[in-house]
Amino acid sequence: MDAKNPDEFFMRRAIDLAKRAWGDTSPNPMVGAVLVKSGRVISEGYHRRDGGAHAEIECLRASSESPEGATLYVSLEPCSTKGRTGACCDAIIAAKIGEVVIGATDPNPAHNGRAPAILRAAGIKCRTGILERECEELNFIFNFAAKNSAPLVALKYAVSRDGMLARRPGERTRITSEESIADAMKWRRLFSAIAVGRGTLESDNPALTSRGFREAEYSPIRLVFDAALNVAKISDIKKFRLFSDAFAEKTRLVCGAEAPKGAEEKLSNLGIKIMRVQAEAKSGAEFWAEIKKRLFAERVNSLYIEGGAALIKSVCDSRAADFAFEYRSPEAFGAGALPAFEGGKRPFEIGGKTLRLGADTLEFGNIKWSSQP
């Protein structure tokens, strides 16, 4: 333990515990809790999955001795309303906890800032803001969705040093290192849904699953954007893994109002799920607004868009993304290559972090659009 700053020491432990449920709690946040008595950890817990016990309850249940008078460190403000699992504030008060130390406040309007007042009124000391930034960053998806009542939409793409997606249009091109690929698998595990365009489906035949991160292959909801359902013209669509692998039930084709009914019927008869948007794809902002609304109604709080160029253009033209992951290789592709963005210039800034991944760099964070569409 760091004797100079025990609060940060125990809160970092709570954050580490929370990360054990990476990708398992959506649309709920990841939360960790540590119970400390006389400088000793007597219990730990974390929120394991959506619908399961919250971190505070897990921690109290696992306590090796009476929690009375102990200090509870929790990475996110305890809930103060009775949901599927009961209010954590009530359990904390009943356990006669002496002090609660909170990392970040809950952005959910139903909870935001209520817990400290409730706990103090019950005679429990309460402090907030310990490693607040780290605790907030852990749940950037949950925070955005709670504040905006919409899924967080993230663009993920890999480019060469000169900003190219492929050596030639339609050509499958390996751009980044093994380290970058492994990192992307981690983010795939966190997001509720993942998307590509029809061009990427045909050129890459992707699986869109998270592999090599945690113990088993995992699939989020998988969306393929094909505004006019042109894939219906392909004679053997089941050759694509998205429609034939063990997770095929999680795949949907997203089309606009312009898609022919006959194409939809043909694909539906093959067992392929269709998500028809009432707006035409060319309507841009209206098209994306409907997609976000429908996903959020299904408790899908995040969408990870992996390209290709046509889908990235649609997102950028409509200013529909909120976050970005840009993996950049040190190699330049030169003339004839396919640029990631129309005109070759990225239409937004990324306000966040830059990391080294092998020979590559990853820049990720909130998007700030450079101009209106």
- Listed by chain and number, what are the side chain to side chain contact (heavy atoms under 4.5 Å, CB included) partners of Arg161, not counting sequence neighbours? Ala332
- Rounded to the nearest 0.5 Å, what's the gap from CD on Glu290 to CD on Glu286? Could you check? 7.5 Å
- State the CE-CZ distance between Met275 and Arg252, to the nearest 0.5 angstrom. 6.0 Å
- Message: Which residues end up grouped with Phe333 if you chain together Ile, Leu, Val, Met, Phe, Trp and Tyr wherever their side-chain heavy atoms are less than 4.5 Å apart?
- Response: Met164, Ile175
- Task: Please confirm whether Lys250 makes a cation-pi placement over Tyr218, using NZ or CZ under 6.0 Å from the six-membered ring centre and within 45° of the ring normal.
- Result: yes
- Item | Cation over ring face, Arg13 and Phe9, 6.0 Å, 45° | no
- Query: So, Lys313 and Asp317, do they make that salt bridge, N to O below 4.0 Å?
  - Reply: yes
- Are the side chain of Ser43 and the backbone of Leu60 linked by a donor-acceptor contact shorter than 3.5 Å? no
- Task: Indicate whether the side chain of Thr25 and that of Asp50 have a donor and an acceptor atom separated by less than 3.5 Å.
- Result: no
- Message: Between His47 and Ala53 (side chain of the first, backbone of the second, donor and acceptor by atom type, cut-off under 3.5 Å), is there such a pair?
- Response: yes
- Determine, step by step, whether Thr354 and Leu362 satisfy the side-chain contact (heavy atoms from CB on, under 4.5 Å) criterion, reporting the C-alpha distance in whole Å, the side-chain angles of both residues, the deciding distance to 0.1 Å, and the verdict. CA-CA 5 Å; Thr354 300; Leu362 165 63; over 6 Å; no
- Lys/Arg-Asp/Glu bridge criterion (N-O < 4.0 Å) met for Arg114, Asp106: no
- Any ion pair linking Glu137 and Lys353 (charged N to carboxylate O, less than 4.0 Å)? yes
- Message: Ignoring hydrogens, what is the shortest heavy-atom contact between Leu295 and Pro151? Give both atom names and the distance.
- Response: CB-CG, 4.4 Å
- Task: Indicate the ring-plane relationship of Phe240 and Phe243, choosing parallel, tilted or perpendicular according to the 30° and 60° boundaries.
- Result: perpendicular
- Message: Run the side chain to side chain donor-acceptor pair (under 3.5 Å) test on Ser210 and Trp187 for me, step by step, so that the C-alpha distance in whole Å, both residues' side-chain angles and the decisive distance to 0.1 Å come before the verdict.
- Response: CA-CA 8 Å; Ser210 176; Trp187 296 112; over 6 Å; no
- Message: Under 3.5 Å, is there a donor on one side chain and an acceptor on the other for Glu331 and Ser329?
- Response: no
- Message: Please verify the inter-ring angle class for Tyr157 with Phe341; under 30° counts as parallel, over 60° as perpendicular, anything in between as tilted.
- Response: perpendicular
- Query: Step by step, would you call Phe323 with Phe325 a ring pair (Phe, Tyr, Trp, His ring centres under 6.0 Å)?
  - Reply: CA-CA 7 Å; Phe323 204 89; Phe325 297 86; 5.3 Å; yes
- Item | Closest non-hydrogen atom pair, Thr209 against Ser219 | CG2-CB, 3.8 Å
- Task: State the CG-CG distance between Leu253 and Leu229, to the nearest 0.5 angstrom.
- Result: 6.0 Å
- Query: Can you name the residues that form a side chain to side chain donor-acceptor pair (under 3.5 Å) with Asp226, not counting sequence neighbours?
  - Reply: Arg198
- Item | Presence of salt bridge, Glu264 and Lys266, under 4.0 angstrom | no
Donor-acceptor pairs are to be reported for all side-chain atoms of residues 93-105 against protein atoms at under 3.5 Å, with residues two or more places apart or in another chain.
unit_1: Glu99; atom_1: OE2; unit_2: Arg127; atom_2: NE; d: 2.7
unit_1: Glu99; atom_1: OE2; unit_2: Arg127; atom_2: NH2; d: 3.2

- Apply ring pair (Phe, Tyr, Trp, His ring centres under 6.0 Å) to Phe191 and list each qualifying residue two or more places apart in sequence or on a separate chain. Tyr304
- Item | Taking every non-hydrogen atom, the tightest pair across Ala184 and Lys156 | CB-CE, 4.0 Å
- Apart from Phe247 itself, what residues make up its hydrophobic cluster, given side-chain heavy atom links below 4.5 Å? none
- Using modelled atom types only, decide if a donor and an acceptor are shared between the side chain of Arg61 and the backbone of Ser63 within a distance under 3.5 Å. no
